[in-house]
There are 2 protein chains.
Amino acid sequence: MTATPGFGNNLVYLSALIQRRFTQVCADHDLTNAQAQLLCLVKDRPHGMSELGRLLGLAKPGMTGLVDRTERRGLVQRGSSEHDRRACTVSSTPLGKRIGDALYADVAARLPDIADHLPPADRQLLEELVAAVIATTSGPCRADDLPER
Amino acid sequence: MTATPGFGNNLVYLSALIQRRFTQVCADHDLTNAQAQLLCLVKDRPHGMSELGRLLGLAKPGMTGLVDRTERRGLVQRGSSEHDRRACTVSSTPLGKRIGDALYADVAARLPDIADHLPPADRQLLEELVAAVIATTSGPCRADDLPER
DNA sequence: TATTGTTATACTCTATAACTATA
DNA sequence: TATAGTTATAGAGTATAACAATA
């Protein structure tokens with residue numbers, strides 16, 4: 001039971017606000033949301049395709065397409081795995097690393113805008129609570145892995 | 001300046017969590033995210049196309065396509081405006097109203113899951129802060145309307 | 001046999017440009 | 001001329017099914 005009426009729907013609304021702001025920041029770096037999130041994941045170290053699919057909530061064909069498009073733009077590259085010749089890793093190119101770092105910094109600078117109208121104390125609380133929700137929630141995963149109703 | 005390091009990127013991460021949970025709830029009602037949001041807007045009263053585009057952050061051709069697809073499924077219908085023969089209104093069909101109401105209730109019931117791991121007092125605070133952010137933020141709008149960097 | 005990733009296919013979503021009809 | 005909405009076109013994202021190569 002939730003005390004605040006409409007909390008669930010408020011979350012969806014809040015998510016739309018964040019998403020729209022994020023899309024705008026991505027566009028300023030000439031990135032789509034999906035390519036931006038991929039880049040942020042691989043900019044510091046390579047990841048396997050399956051791992052990325054799990055983190056991004058994408059099935060295998062979705063990952064293939066996303067990496068295809070991002071690789072075509074010269075931002076990431078596929079490499080072969082050490083121990084499994086079926087697998088491949090995705091890492092950032094120098095250009096991708098630069099753009100990924102710039103995007104990450106810009107997100108940190110501009111996304112907090114959405115809480116600008118809160119009093120400082122409330123905003124501080126919100127920052128802590130958001131961090132707590134993220135910390136206590138198992139990371140993004142396939143929709144299939146989330147609990148049923 | 002933000003006190004909590006990574007607040008901006010935490011917001012993007014939180015948004016992804018919410019979005020994924022919402023997509024799952026929509027899918028259980030056989031709706032896409034965009035169709036679900038359209039339905040929730042028109043289920044109680046008709047809206048004009050331009051107004052919907054502004055609320056959903058969609059340009060005119062995007063609205064035409066979304067309403068086309070949703071109308072094809074029998075969930076909404078176009079009507080003609082009283083005073084302007086260029087304009088049209090979008091309202092829900094009885095089926096669309098039923099599905100929209102059910103979706104809305106299900107979102108209210110299931111989205112709060114993401115805060116389940118918070119202590120009750122923190123969760124209550126989060127509910128209030130989310131409501132405050134939404135209340136103080138001008139509603140969803142075209143990305144063009146958001147402040148530049 | 002099971003798993004990794006790709007290909008094929010289809011549909012939704014979103015953007016821009018050009019257009020029609022009305023104001 | 002300006003506005004409401006549509007059509008045309010294109011690319012991105014996401015899903016399922018079938019497949020190839022490797023484990």
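Quick caveat: nothing in here was measured; it's all calculated off a predicted structure.
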Q. Excluding sequence neighbours, so at least two apart, what forms side-chain hydrogen bond (donor to acceptor under 3.5 Å, both in side chains) with B/R73?
A. B/D30, B/Q35

Q: Under the salt bridge (Lys or Arg N to Asp or Glu O under 4.0 Å) rule, collect the residues that match up with A/R78, sequence neighbours excluded.
A: A/D68, A/E71

Q. Quick one: are B/L111 and A/F7 in side-chain contact, heavy atoms under 4.5 Å?
A. no

Q) Could you give the angle between the helix axes at the two ends of the helix from C/dG5-D/dC19 to C/dA23-D/dT1, with five pairs per end, rounded to 10 degrees? A) 0°

Q. Between D/dT3 atom C1' and B/R54 atom CZ, what is the distance in whole Å?
A. 15 Å

Between the protein and nucleotides 18-20 of chain D, which nitrogen or oxygen pairs come in under 3.5 angstrom?
none

Q) B/L56 CG to C/dA15 P: how many Å, rounded? A) 12 Å

Q. Of all residues at least two apart in sequence or in a different chain, which pass the side-chain hydrogen bond (donor to acceptor under 3.5 Å, both in side chains) check with B/R98?
A. none

Q. Roughly, in whole Å, what's the span from CD in A/E71 to C1' in D/dA12?
A. 17 Å

**Q.** Qualifying residues under salt bridge (Lys or Arg N to Asp or Glu O under 4.0 Å), relative to B/K97, sequence neighbours excluded
**A.** B/D44, B/D101

Q. To the nearest Å, how far apart are B/R73 CZ and C/dC13 C1'?
A. 14 Å

Q: Apply side-chain hydrogen bond (donor to acceptor under 3.5 Å, both in side chains) to A/T23 and list each qualifying residue two or more places apart in sequence or on a separate chain.
A: A/N33

(Q) Expressed as a whole number of angstroms, how long is the span from B/L66:CG to D/dT6:P? (A) 12 Å

(Q) Counting only side-chain heavy atoms from C-beta out, which of D/dT7, C/dT16, D/dA12 sits nearest to A/T32? (A) D/dA12

Q) Can you list, by residue number, the residues of residues 41-52 of chain B that have a non-hydrogen atom closer than 4.0 angstrom to DNA chain C? A) none

Q | Atom-to-atom span, CD of A/Q37 to P of D/dG13 - whole angstrom | A | 10 Å

Q) Considering only heavy atoms, which members of residues 78-86 of chain B lie under 4.0 Å from some atom of DNA chain D? A) B/R78, B/R86

Q.
I'd like to check the salt bridge (Lys or Arg N to Asp or Glu O under 4.0 Å) partners of B/E51; sequence neighbours left out, ordered by chain and number.
A. B/R45

Q | Side-chain donor/acceptor of A/T70 to backbone N/O of A/L75, under 3.5 Å | A | no

**Q.** Within-4.5 Å side-chain heavy-atom neighbours: A/L14 and A/I114
**A.** yes

Q: For residues A/L55 and A/H47, determine if any side-chain heavy atom of one lies less than 4.5 Å from a side-chain heavy atom of the other.
A: yes

Q: Please report, rounded to the nearest Å, how far the C1' atom of C/dT12 is from the CG atom of B/L31.
A: 13 Å

Q: Verify, without hydrogens or angle tests, whether A/H29 (side chain) and A/I99 (backbone) share a donor-acceptor contact under 3.5 angstrom.
A: no

Q: Take atom CD of A/Q35 and atom P of D/dG11, then tell me their distance rounded to the nearest Å.
A: 14 Å

(Q) Let's see if you can work this out: which of C/dT12, C/dT6, D/dT7 has an atom nearest to the side-chain heavy atoms of B/D68? (A) D/dT7

Q.
Please evaluate residues B/R85 and B/S80 with respect to the criterion side-chain contact (heavy atoms from CB on, under 4.5 Å), reporting the C-alpha separation (whole Å), side-chain torsions for both, the decisive distance (0.1 Å), and the verdict.
A. CA-CA 7 Å; B/R85 278 163 41 203; B/S80 41; over 6 Å; no

Q) Sequence neighbours excluded, which residues qualify as side chain to side chain contact (heavy atoms under 4.5 Å, CB included) partners of B/S91? A) B/P46, B/Q77

Q: Kindly write out the residues that satisfy side-chain hydrogen bond (donor to acceptor under 3.5 Å, both in side chains) with B/D122, not counting sequence neighbours, or none if the list is empty.
A: none

